[in-house]
Asks: 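Quick one: the structure is below, and I'll ask about it shortly.
Lettering follows sequence order; numbering is per chain, from 1.
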Number of protein chains: 2
Amino acid sequence: MITLTDRQNMILKAIVRDYTSSGVPVGSKALAAQLPMHVSSATVRNEMAALEELGLIAKTHSSSGRIPSVKGYRYYVDHLVQPDPIKANDIDIIKSSLEGQFLKIDEIIETSAKILSNLTSYTAFSLKPEHKQSRLSGFRLVPLGKRQVMAVLVTDNGDVESQTFNITSKITGDQLEAVVRLINDQLVGKPLDEVLTALKSDIPMQVAHYLQQPEGFLKIFGDVLTKAAQERFYVGGRLNLLNFSDSNDVDELKSLYTLMDHSDDMADVLGQPTDHIQVKIGSEMTNDILKDYSLITATYDAGNHGTGVIALLGPTRMPYSRMIGLVGAFRQELAQRLIDYYRYFDQ
Amino acid sequence: MITLTDRQNMILKAIVRDYTSSGVPVGSKALAAQLPMHVSSATVRNEMAALEELGLIAKTHSSSGRIPSVKGYRYYVDHLVQPDPIKANDIDIIKSSLEGQFLKIDEIIETSAKILSNLTSYTAFSLKPEHKQSRLSGFRLVPLGKRQVMAVLVTDNGDVESQTFNITSKITGDQLEAVVRLINDQLVGKPLDEVLTALKSDIPMQVAHYLQQPEGFLKIFGDVLTKAAQERFYVGGRLNLLNFSDSNDVDELKSLYTLMDHSDDMADVLGQPTDHIQVKIGSEMTNDILKDYSLITATYDAGNHGTGVIALLGPTRMPYSRMIGLVGAFRQELAQRLIDYYRYFDQ
DNA sequence: CTTAGCACTTGTACTATGGGAGTGCTAAAA
DNA sequence: TTTTAGCACTCCCATAGTACAAGTGCTAAG
């Protein structure tokens, strides 16, 4: 456990603030000038040497100013940062963007990611509120004319997944109905992952009683099921990555985008945030690709409809006070909005 | 109409080939060495001066080698290029990627864009075969438990669009059924754009007979309808743009990506290709953003199921002979695959 | 413990400098 | 008339050198 003197705290804080806003290593002279008490640059230099010794700041070359290290950011975020109060203007934007009469909760969550990315010029993620584990609450096949059928799967928290497919003429409506009844009798009420394992073991045999070639149907059912089982998240401002990845390394950018498209990996990155607001800095994240980025995650509470997550991905060198303030305000607005939403639709 | 001597043709061809493969302006000496007949560099210089006079090639600075101009590429593509015969390896990749047992035609079209982008390291587009104008062939509302309803719209060429929404408790099943019947009675068989205009004029009044607050329903119906009316195209290898846009201009990249996400603008760019294979070079395209890019579009024939489009977007400086060869081979493979597909499902 | 002073280090911006690649032009050769 | 050798000239580019600004660590005095 690191403990610093008051003056050291002030210096570290000033370094982080300066560097995150200017991007240039900060030197002792500039630092001395902006500190509230009167100290000489030499004194500041001594303190800086101490902070460097502790691993909180670092030099880019032997005679450069200092930049915060990951450890330094960590200490700053844990002990020093005061979230900026949100600008009245920003709160207006949030409120007005959320207030439209959305018909689906997914739309609210999706626009959330967009607003957040617009306000910050970073990349934002949003996950809708979710009970731990959703269960299958219904499956049906809707015939759509000659040979087309739509498979629709509903879960107990209202998620709907669907997919259309063509059937060969050999299959009759009766057969399909029998299969649907089978699925519903056996699997409704079960958690989705159990359904998935059932689909790999005994279900195929049973389906084979009714269909000669069950593979096609089983593939569709499996597809829809995995789609529903996946945690769906929305991404806003993907293109903003181009702004703040100062490296011109194309490959790095590519792997970042690929990462964002893999919901499994991304769920991994977001983790399961327990706190209200959580900050992960650079190498603290498991994924190596993100070593120059920081992630602010926050949960938001949707009453008895569970807890969702919003997240913000930006450069390690980000103005944490502003961003934390913004995310904090946003999660409250969103929670409020969802309560309204559910009040309306729960009747 | 420009006419060149044989030797000038050879020189222009060599310049394009050299420059597209190396990216470096080509000089008279290197050129003289590789021409089949014996000429001195001085002669080549004279010829180059003539080609420059005609606007077919240009210098990057007063004493540099030459690069082809847009006009030069145009001439090359129109008169000189010989499509490369496709590599046996590539044709294997195409065949095997297309041969899986797809259940929906969209999957074939989507993978097409992927294969094409993989083979070329460029960005590829694919549009599915389409009759000029699709018509509404059915609309229905499928109840999914308590308050959720799924709106499903089917067109006469088999496209399906759906969307779920929540209804307030005030609406009864009977009311919904009446609305569905209304829609089907009045609008089935009409082209989608007529349906859209109807939706803006007399339909709302009629729907109001059955629902107190028709706005929600009308929005959903409109959404699903516009989704169906839009030409859907697939994009493969979006990230490849990062490779070959040598400019580090982030804004340019952003507008490119934004362009690709707007299906209207993109349909504009793709145009309505009439030829089998068509090449648009740099500033020949209407859209200014694409001035450093070239687009190869090709139609593919799906028998009596209409004609689709595939396209390839790469840098102006691309190896046209290889790309044209590849696109040509691909469109044939795809057409063949679709004939198989339809034979199977049309029964 | 703080500070002034100073020698030292490093990045950056600017300025030669020379070589290489390529051109256009001229005059002679084919 | 066409081709070619020769040559002066232009421009890019990589390299080295220089000066300067910003900043550091250390020492010795306050």
Asks: Do you see a donor-acceptor pair shorter than 3.5 Å between the side chains of B:T20 and B:Y73?
Replies: no
Asks: Distance check needed: C:dG11 P versus A:I67 CD1, whole Å only.
Replies: 13 Å
Asks: Run the salt bridge (charged side-chain N to carboxylate O under 4.0 Å, His left out) test against A:D261 and tell me which residues pass, sequence neighbours left out.
Replies: A:R238
Asks: I need the CG-P distance between B:L35 and D:dT3, as an integer number of Å.
Replies: 13 Å
Asks: Can you check ring-ring contact (aromatic ring centres under 6.0 Å, His included) on B:F125 and B:Y234, steps first, answer last?
Replies: CA-CA 6 Å; B:F125 306 88; B:Y234 294 96; over 10 Å; no
Asks: Can you check each nucleotide of nucleotides 11-25 of chain D against protein heavy atoms at under 4.0 Å and return B for base, S for sugar-phosphate only, - for none, in 5' to 3' order?
Replies: BS---------BBBB
Asks: What residue among B:I15, B:V24, B:T60 forms side-chain contact (heavy atoms from CB on, under 4.5 Å) with B:I67?
Replies: B:T60
Asks: Please give me every residue in residues 7-22 of chain B whose heavy atoms get under 4.0 Å of an atom in DNA chain C, ordered by residue number.
Replies: none
Asks: Checking A:R74 now: which residues fulfil side chain to side chain contact (heavy atoms under 4.5 Å, CB included) with it, not counting sequence neighbours?
Replies: A:V77, A:D78, A:V279, A:I281, A:E284
Asks: With a 3.5 Å distance limit and no angle check, can you tell me whether A:S121 reaches the backbone of A:S117 through a side-chain donor-acceptor pair?
Replies: no
Asks: With sequence neighbours excluded, what pairs up with A:R17 under the side chain to side chain donor-acceptor pair (under 3.5 Å) test?
Replies: none
Asks: Not counting sequence neighbours, which residues clear side chain to side chain donor-acceptor pair (under 3.5 Å) with A:T43? List them please.
Replies: A:S40
Asks: C:dG22 P sits how many Å from B:L51 CG, rounded?
Replies: 17 Å
